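In what follows, a single structure is set out as structure tokens and then discussed.
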Amino acid sequence: MNVEKIDYIWAIVSFITVGVTYHYGYLLYGLLGIYVLMVAVFLYHIFKVKKRIRNTVAVYGRITDYHTEKGTRIHYYPIVRYETEDGTEISSAYTIADKEKKYDIGDEEMICYDPYDELFFYFANRESELTTNYYRYIIFGGIAAIFVLIAILAY
């Protein structure tokens with residue numbers, strides 16, 4: 001997930017909304033409004049990702065290595081080398097982390113890259129990973145929003 005200007009604006013509006021609605025005694029309404037704004041921003045991101053996917057080019061890429069990040073658990077990002085339509089050799093790390101190494105080094109996999117941003121790619125059979133977290137946050141936020149709505153109605 002890339003952070004864009006709209007995300008910063010949403011964060012600022014959310015902070016202002018919490019402050020103002022708390023000051024006037026309507027914090028629960030403010031929280032519900034923030035959720036609605038969050039859904040709008042995430043749907044915008046989903047739309048942009050799906051639009052970007054439509055413009056990709058499919059090629060075979062070779063897994064050359066893994067980038068790892070250590071936190072509470074190790075995350076693996078496969079590094080893929082592929083050739084673009086114009087013959088440029090690209091080596092790029094996948095943006096979605098895995099908990100295990102899904103591919104062996106040297107494997108060739110079908111990927112799709114963006115000809116306008118050749119470092120961006122996704123595995124052809126895993127495009128849903130690009131939007132899964134947005135949907136997940138909408139659902140979990142919706143559960144919290146239901147509790148807020150119940151609290152508003154019970155009040």
Side-chain angles (χ1 to χ4, degrees), residues 1-58 61 63-82 84 90-103 109 111-155:
M1 289 195 251
N2 291 333
V3 179
E4 297 181 20
K5 189 185 297 185
I6 192 170
D7 300 310
Y8 292 116
I9 292 169
W10 173 63
I12 291 168
V13 169
S14 296
F15 278 114
I16 292 170
T17 301
V18 166
V20 170
T21 56
Y22 176 78
H23 176 74
Y24 288 105
Y26 294 103
L27 180 60
L28 292 178
Y29 292 102
L31 294 176
L32 209 51
I34 289 170
Y35 171 72
V36 170
L37 287 173
M38 180 195 82
V39 169
V41 169
F42 285 178
L43 289 175
Y44 165 79
H45 282 300
I46 290 167
F47 171 78
K48 282 190 66 175
V49 166
K50 289 188 177 196
K51 182 179 176 186
R52 190 174 200 185
I53 287 173
R54 284 194 300 267
N55 298 322
T56 57
V57 176
I63 311 300
T64 59
D65 201 0
Y66 278 90
H67 169 74
T68 58
E69 285 186 2
K70 296 177 183 171
T72 54
R73 65 176 76 168
I74 298 176
H75 291 97
Y76 298 98
Y77 298 85
I79 298 173
V80 179
R81 182 176 302 269
Y82 52 95
T84 64
I90 302 290
S91 183
S92 182
Y94 192 45
T95 57
I96 309 286
D98 288 319
K99 296 174 186 167
E100 70 228 12
K101 293 181 179 180
K102 289 192 175 186
Y103 308 102
E109 295 291 330
I111 63 154
C112 299
Y113 75 91
D114 185 347
Y116 301 106
D117 179 9
E118 294 173 338
L119 292 176
F120 170 79
F121 74 92
Y122 62 91
F123 289 95
N125 57 348
R126 296 171 60 183
E127 60 268 355
S128 65
E129 292 177 336
L130 300 173
T131 56
T132 298
N133 283 335
Y134 294 118
Y135 289 118
R136 187 175 296 142
Y137 298 146
I138 289 171
I139 290 168
F140 289 133
I143 292 168
I146 289 170
F147 285 113
V148 169
L149 190 58
I150 289 170
I152 289 171
L153 296 175
Y155 198 42

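Keep in mind the model is a prediction, meaning the values are calculated, not measured. All values below were derived from every heavy atom in this structure, side-chain atoms included, with hydrogens, water molecules and symmetry-related copies excluded.
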Leu130 side chain near Phe120 side chain, heavy-atom distance below 4.5 Å: yes

Spacing of Ile53 atom CD1 and Lys48 atom NZ [to the nearest 0.5 Å]: 13.0 Å

Distance, nearest 0.5 Å, that separates CD1 of Ile96 from CG of Asn133: 6.5 Å

Approximate separation, where rounding is to 0.5 Å, of Tyr134 OH and Leu43 CG: 11.0 Å

Atom pair CG (Asp114) and CZ (Arg54), whose distance is rounded to the nearest 0.5 Å: 12.5 Å

Pairwise distance NE2(His45) to CZ(Arg52) - rounded to 0.5 angstrom: 12.5 Å

Please tabulate, one pair per line, all N/O donor-acceptor pairs under 3.5 Å involving side-chain atoms of residues 17-32, not counting sequence neighbours.
| unit_1 | atom_1 | unit_2 | atom_2 | d |
| --- | --- | --- | --- | --- |
| Thr17 | OG1 | Val13 | O | 2.7 |
| Thr21 | OG1 | Thr17 | O | 2.6 |
| Thr21 | OG1 | Val18 | O | 3.4 |

Non-hydrogen side-chain atoms of Tyr94 and Lys102 separated by less than 4.5 Å: no

Test item: Ile63 and Lys101 side chains (from C-beta on) under 4.5 Å apart, heavy atoms: no

Polar side chain donor-acceptor pair, Tyr122 to Thr56, under 3.5 angstrom: yes

Side chain Tyr66, main chain Tyr103, donor-acceptor under 3.5 Å: yes

Minimal non-hydrogen separation, Ile34 against Trp10, with atom names: O-NE1, 3.7 Å

Plane angle bin for Tyr137 and Phe42 - parallel if under 30°, tilted between 30 and 60°, otherwise perpendicular: tilted

Close side-chain approach of Phe123 to Pro78, heavy-atom, < 4.5 Å: yes

Aromatic plane relationship, Tyr77 with His67 - under 30° parallel, 30 to 60° tilted, over 60° perpendicular: tilted

Side chains of Ser91 and Ile79 in contact at under 4.5 Å (non-hydrogen atoms): yes

Residue list, side-chain hydrogen bond (donor to acceptor under 3.5 Å, both in side chains) with Asp98, at least two apart or on another chain: Arg126

Side-chain heavy atoms of Tyr113 within contact of Ile90, under 4.5 Å: no

Least distance between heavy atoms, Lys99 atom then Tyr76 atom: O-CE1, 3.6 Å

Residues which pass side-chain contact (heavy atoms from CB on, under 4.5 Å) with Asn55, listed by chain and number, not counting sequence neighbours: none

Side chains of Ile46 and Tyr135 in contact at under 4.5 Å (non-hydrogen atoms): yes

Verdict with supporting geometry, Val41 and Ile9, side chain to side chain contact (heavy atoms under 4.5 Å, CB included): CA-CA 10 Å; Val41 169; Ile9 292 169; over 6 Å; no

Tyr35 to Ile138 - nearest heavy-atom pair and separation: OH-O, 3.0 Å

Side-chain heavy atoms of Ser92 within contact of Tyr82, under 4.5 Å: yes

